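Just so we're clear, the structure is a prediction, and the values are computed from it rather than from any experiment.
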Amino acid sequence: NMKKGTNYNSAVDFTDADNNWNNVNTSLDQYATDAHWGAEKTYDFYFQNFGRNSIDNNGFLIKSYVHYSRNYFNAFWDGSRMTYGDGSSTDNFKPLTAIDVCGHEITHGLTSFTAKLNYSNESGALNEGFSDIFGTAIEWFARPAKADWLIGGDFYTIRSMSNPKAYSQPSTYKKTTAIVTGK
């Protein structure tokens, strides 16, 4: 719990005396449960489908920090942990702790341990694309009955995998249309 601050050393763990995590409250602590569940399902996805022991394949401890800053509409992997803001007036104070966003951010971590793509230009676009693809796959793995093709659709849609232009995202590379032939 970052308690709306930005100093990771001041963060405190979420606890529950009876292990019944009904933490819906005015502080919006349910977003911590969302982030934890997203991390758990992401770990399970990579373990069950690829035999990976966390994102480094060596038991890397996946840490998620919520309630980051004030009026902060973003989620990010910083090289060692995931961080989630609670949103801002722009998005009606919706967090980015949806299952696919959690999977997306954690996949950035996996990519840093595997492909080590430089986060700029084409390699940065590949990094984002892989995170979107696996974030969506993790959502379908975790709860197929409620899965969709929207990135962040549970709270605030950022992108659509089925119709990128619906959210002002490009649908082609450098406006080039791919031509597929039957040869």
Side-chain angles (χ1 to χ4, degrees), residues 1-113 131-132 134-158:
N1 185 353
M2 298 289 292
K3 301 183 282 185
K4 302 204 181 284
T6 58
N7 182 346
Y8 290 95
N9 293 324
S10 297
V12 297
D13 289 337
F14 284 91
T15 60
D16 186 85
D18 62 4
N19 205 27
N20 179 13
W21 290 88
N22 183 9
N23 57 348
V24 177
N25 55 42
T26 57
S27 296
L28 305 175
D29 289 338
Q30 65 267 28
Y31 301 147
T33 302
D34 293 340
H36 178 79
W37 185 72
E40 177 184 353
K41 290 301 174 185
T42 300
Y43 177 92
D44 292 348
F45 172 84
Y46 283 118
F47 183 75
Q48 291 177 28
N49 290 289
F50 303 103
R52 289 195 67 83
N53 179 10
S54 194
I55 60 177
D56 67 347
N57 205 26
N58 197 29
F60 184 90
L61 184 61
I62 298 174
K63 293 182 181 181
S64 298
Y65 291 78
V66 297
H67 300 315
Y68 178 83
S69 194
R70 294 185 184 277
N71 298 311
Y72 189 77
F73 178 58
N74 204 355
F76 60 90
W77 161 259
D78 71 0
S80 63
R81 62 194 157 221
M82 279 63 58
T83 302
Y84 304 93
D86 289 338
S88 67
S89 59
T90 304
D91 60 279
N92 224 7
F93 294 99
K94 298 292 183 178
L96 291 174
T97 55
I99 181 70
D100 52 357
V101 175
C102 294
H104 171 108
E105 296 306 332
I106 295 167
T107 298
H108 280 307
L110 184 137
T111 300
S112 71
F113 281 107
S131 287
D132 278 355
F134 280 102
T136 298
I138 290 160
E139 179 177 12
W140 282 85
F141 168 82
R143 52 161 218 209
K146 292 179 71 180
D148 58 36
W149 298 102
L150 303 173
I151 305 300
D154 292 338
F155 301 115
Y156 186 89
T157 302
I158 302 165

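The line from CD of Q30 to CH2 of W21 is 13.0 Å long, rounded to the nearest 0.5 Å. Note that NE2 of H36 is 8.0 Å distant from OG1 of T33, once rounded to the nearest 0.5 Å. Within the model, atoms CG of N58 and CZ of F113 stand 9.5 Å from one another, a figure rounded to the nearest 0.5 Å. To the nearest 0.5 Å, the span separating CZ on R143 from CG on D100 amounts to 7.5 Å. Between D44 atom CG and W37 atom CH2 the span is 10.0 Å, to the nearest 0.5 Å. Once rounded to the nearest 0.5 Å, the distance linking CG of L150 with CG of D132 reads 11.5 Å.
The two residues A75 and V101 come nearest to each other via the heavy atoms CB-CG1, 4.0 Å. The two residues C102 and A39 make their nearest non-hydrogen contact at CB-N, 4.5 Å. Shortest non-hydrogen contact noted between M2 and A11 is SD-CB, 3.7 Å. Between F93 and G87 the shortest heavy-atom distance is CD2-O, 3.7 Å. The minimum heavy-atom distance linking G152 with A98 is given by the pair CA-CB, 4.0 Å. Contact detail for Y31 and V66: the closest heavy-atom pair is O-CG1, 3.9 Å.
The ring of Y65 has its center closer than 6.0 angstrom to the ring center of Y8.
Side-chain atoms of N25 come within 3.5 Å of backbone N or O of S27 as a donor-acceptor pair. Remark: side-chain polar atoms of S131 are paired, donor with acceptor, to backbone N or O of H104 under 3.5 angstrom.
Here the side chains of W77 and I55 are in contact, with some heavy-atom distance below 4.5 Å. The shortest distance between side-chain heavy atoms of H67 and D29 falls below 4.5 Å. Counting only heavy atoms from C-beta outward, the side chains of T42 and I62 never approach each other to under 4.5 Å. Between F73 and L96, the closest side-chain pair of non-hydrogen atoms falls below 4.5 Å. Proximity of I99 to D154: side-chain heavy atoms (C-beta onward) are separated by under 4.5 Å at one or more points. Counting heavy atoms from C-beta on, the side chains of F155 and D34 come closer than 4.5 Å. Side-chain contact between T83 and Y72 is absent, with no heavy atoms from C-beta onward closer than 4.5 Å. Side-chain contact check for T107 versus I138: some heavy-atom pair is nearer than 4.5 Å.
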Would S69 and N71 count as a side chain to side chain donor-acceptor pair (under 3.5 Å) if you check the C-alpha gap in whole Å, the side-chain angles of each, and the deciding distance to 0.1 Å?
CA-CA 7 Å; S69 194; N71 298 311; over 6 Å; no
Evaluate the side chain to side chain donor-acceptor pair (under 3.5 Å) criterion for residues N53 and Y46: first the C-alpha distance (whole Å), next the side-chain angles of each, then the deciding distance (0.1 Å), finally the verdict.
CA-CA 8 Å; N53 179 10; Y46 283 118; over 6 Å; no
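Using a 4.0 Å cut-off between a side-chain N of Lys or Arg and a carboxylate O of Asp or Glu, D86 and K4 qualify as a salt bridge.
In this structure, F45 and F141 have perpendicular ring planes: the angle between them is above 60°, well past the 30° mark.
Within a 6.0 Å radius of CZ in F47, other residues, nucleotides and ligands contribute 12 heavy atoms or fewer. Within a 6.0 Å sphere centred on CG of D18, heavy atoms belonging to other residues, nucleotides or ligands number more than 12.
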